[in-house]
Chemist: 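My structure is below; once you've seen it, I'll send some questions.
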Amino acid sequence: MPGLATSSMSQPRGSLSQVSRLVLFTLALSCGFTGFVGSARALDEKKVVEPGSSPWDVFKFGFSAYKSGHKDQAVEAYRYAAEKGQIGAQWKLARMYAEGDGVGRDDYQAFRFFAEIARQEIEPGSPEDTYVSDALVALARYLRTGIPGSPVTADPAAASDYYMRAAATYRNPDAQFEVGKMYLRGEGVRANVRQAGRWLQLAAEKGHAGAQATLGNLLFHSGKAVRGLAMMTAALERAKPSDQPWIRGMQEEAFALAGEKDRRNAILMAQDLLTKGTK
């Protein structure tokens, strides 16, 4: 698959100065990548890496540095811990590159870190399963459209596979919502309204406002006007600001089509849904 190479994801940091021979020797043996020599230098000069420092300890330093606003130190610490296999550090680096947070935005670099996470066999229910679940969703989003100027091209079928793994194995509501939409549109999979409804329902039950609105719209146009309009109305109240415009458009269109009695009943049902949840 494009971009799933196992080569080093770090960049050289320049020549060495004032680094202990023991730290260098330890890093060279354990990492085997020249790109981490610079990271080792930066960390050692800040007295972060000591002989025998664990990836977890360095990750914790990176987290503290990030929270304190020292993102350059955080990046160096995360790089070191990530190359040692610390999954939390890999995830943080992926997010930082994806968002241009403390580093220049680089979607391909983010893709590669997410891919490293997705390769790991993490059991559902383990403390680290959210990292894998989130990485799978991120990879699917990249593969859905591709990354311009990189080897990652649009591959909706591969995207649906990643979404499905996150949705089925890790029960990720964002992935379940996306799988539902792909079945509705026939994007990367054969269109199947029944399957779409199943996945949207699973996400809706977890409180996913987008899934609630989309499922409500599906129900509204399949003859269940009151239930569908109520779900869209409740979803609009719960939605994040970024989702409110498209949910509002969907809800207002349905509201205009509904009869007066159905509108009143839907408003009452929506209030009940907001109190008890979508089931």
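In what follows, every heavy atom counts, from backbone to side chain, and hydrogens, waters and symmetry copies are set aside.
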Chemist: Given side chains that start at C-beta, do those of Q176 and L200 come closer than 4.5 Å, heavy atoms only?
Modeler: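 Sidechains of L200 and Q176: no contact.
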
Chemist: Spell out, yes or no, whether V179 and L184 are grouped together once hydrophobic residues are joined by side-chain heavy atoms under 4.5 Å, including indirect joins.
Modeler: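 They do not share one cluster, since no chain of ILVMFWY contacts under 4.5 Å joins V179 to L184.
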
Chemist: Restricting to pairs with a member in residues 182-195, which pass salt bridge (charged side-chain N to carboxylate O under 4.0 Å, His left out), not counting sequence neighbours?
Modeler: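 For residues 182-195: R144-E187, R185-E187.
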
Chemist: Side chains of Q90 and Q86: any donor to acceptor distance under 3.5 Å?
Modeler: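 Absent: no donor and acceptor within the cut-off.
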
Chemist: What residues form a ring-ring contact (aromatic ring centres under 6.0 Å, His included) with Y142, not counting sequence neighbours?
Modeler: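 Partners of Y142 under the ring-ring contact (aromatic ring centres under 6.0 Å, His included) test: none.
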
Chemist: Side-chain contact test, heavy atoms from C-beta onward, threshold under 4.5 Å: evaluate it for E178 versus Y183 and give yes or no.
Modeler: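 No, every pair of side-chain atoms sits at 4.5 Å or beyond.
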
Chemist: Is there a side-chain contact between F220 and L257 in this structure, where contact means two heavy atoms from C-beta onward sitting under 4.5 Å apart?
Modeler: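 A side-chain contact under 4.5 Å exists here.
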
Chemist: Would you say L215 and M232 make side-chain contact, with heavy atoms under 4.5 Å?
Modeler: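 Heavy-atom side-chain distance check fails, nothing below 4.5 Å.
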
Chemist: Could you walk me through whether F111 and I147 pass side chain to side chain contact (heavy atoms under 4.5 Å, CB included), step by step?
Modeler: CA-CA 9 Å; F111 180 92; I147 301 175; 3.8 Å; yes

Chemist: Using only atom types and a distance under 3.5 Å, with no angle test, would you say the side chain of S160 pairs donor to acceptor with the backbone of A157?
Modeler: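 Yes; at least one donor-acceptor contact below 3.5 Å.
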
Chemist: Could you check if a side-chain atom of I87 sits within less than 4.5 angstrom of a side-chain atom of I122, using non-hydrogen atoms only?
Modeler: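 When only atoms from C-beta onward are counted, I122 and I87 do touch, with a gap below 4.5 Å.
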
Chemist: Applying side-chain contact (heavy atoms from CB on, under 4.5 Å), can you list everything that pairs with E123, at least two apart in sequence or on another chain?
Modeler: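 Not a single residue meets the side-chain contact (heavy atoms from CB on, under 4.5 Å) criterion with E123.
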
Chemist: Can you name the side chain to side chain donor-acceptor pair (under 3.5 Å) partners of Q251, sequence neighbours left out?
Modeler: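 Residues passing side chain to side chain donor-acceptor pair (under 3.5 Å) with Q251: T233.
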
Chemist: Determine whether more than 12 heavy atoms belonging to other residues, nucleotides or ligands lie under 6.0 Å from atom CZ of R171.
Modeler: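 No, because the 6.0 Å sphere around CZ of R171 holds 12 heavy atoms or fewer from other groups.
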
Chemist: Is the W246 ring parallel, tilted or perpendicular to the F177 ring (thresholds 30°, 60°)?
Modeler: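 Judged by the thresholds at 30° and 60°, the geometry between W246 and F177 is parallel.
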
Chemist: For residues V137 and V152: do they belong to one hydrophobic cluster (side chain heavy atoms under 4.5 Å, members Ile, Leu, Val, Met, Phe, Trp, Tyr)?
Modeler: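 As far as the 4.5 Å side-chain criterion goes, V152 and V137 are not connected within one cluster.
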
Chemist: Taking the side chain as every heavy atom from C-beta outward, state whether F59 and S54 have any atom pair closer than 4.5 Å.
Modeler: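 Side chain of F59 against side chain of S54, heavy atoms only: no contact under 4.5 Å found.
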
Chemist: Under the salt bridge (charged side-chain N to carboxylate O under 4.0 Å, His left out) rule, collect the residues that match up with D129, sequence neighbours excluded.
Modeler: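 By the salt bridge (charged side-chain N to carboxylate O under 4.0 Å, His left out) rule, D129 matches no residue at all.
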
Chemist: Would you say S68's side chain and H70's backbone share a donor-acceptor pair under 3.5 angstrom?
Modeler: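 Between the backbone of H70 and the side chain of S68 there is no qualifying donor-acceptor contact (under 3.5 Å).
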
Chemist: Excluding sequence neighbours, so at least two apart, what forms side-chain contact (heavy atoms from CB on, under 4.5 Å) with F63?
Modeler: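 Applying side-chain contact (heavy atoms from CB on, under 4.5 Å) to F63 gives K67, Y78.
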
Chemist: Ignoring hydrogens and angles, tell me if any N or O in the side chain of R248 forms a donor-acceptor pair with the backbone of L236 under 3.5 Å.
Modeler: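 Judged by distance alone, no pair lies under 3.5 Å.
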
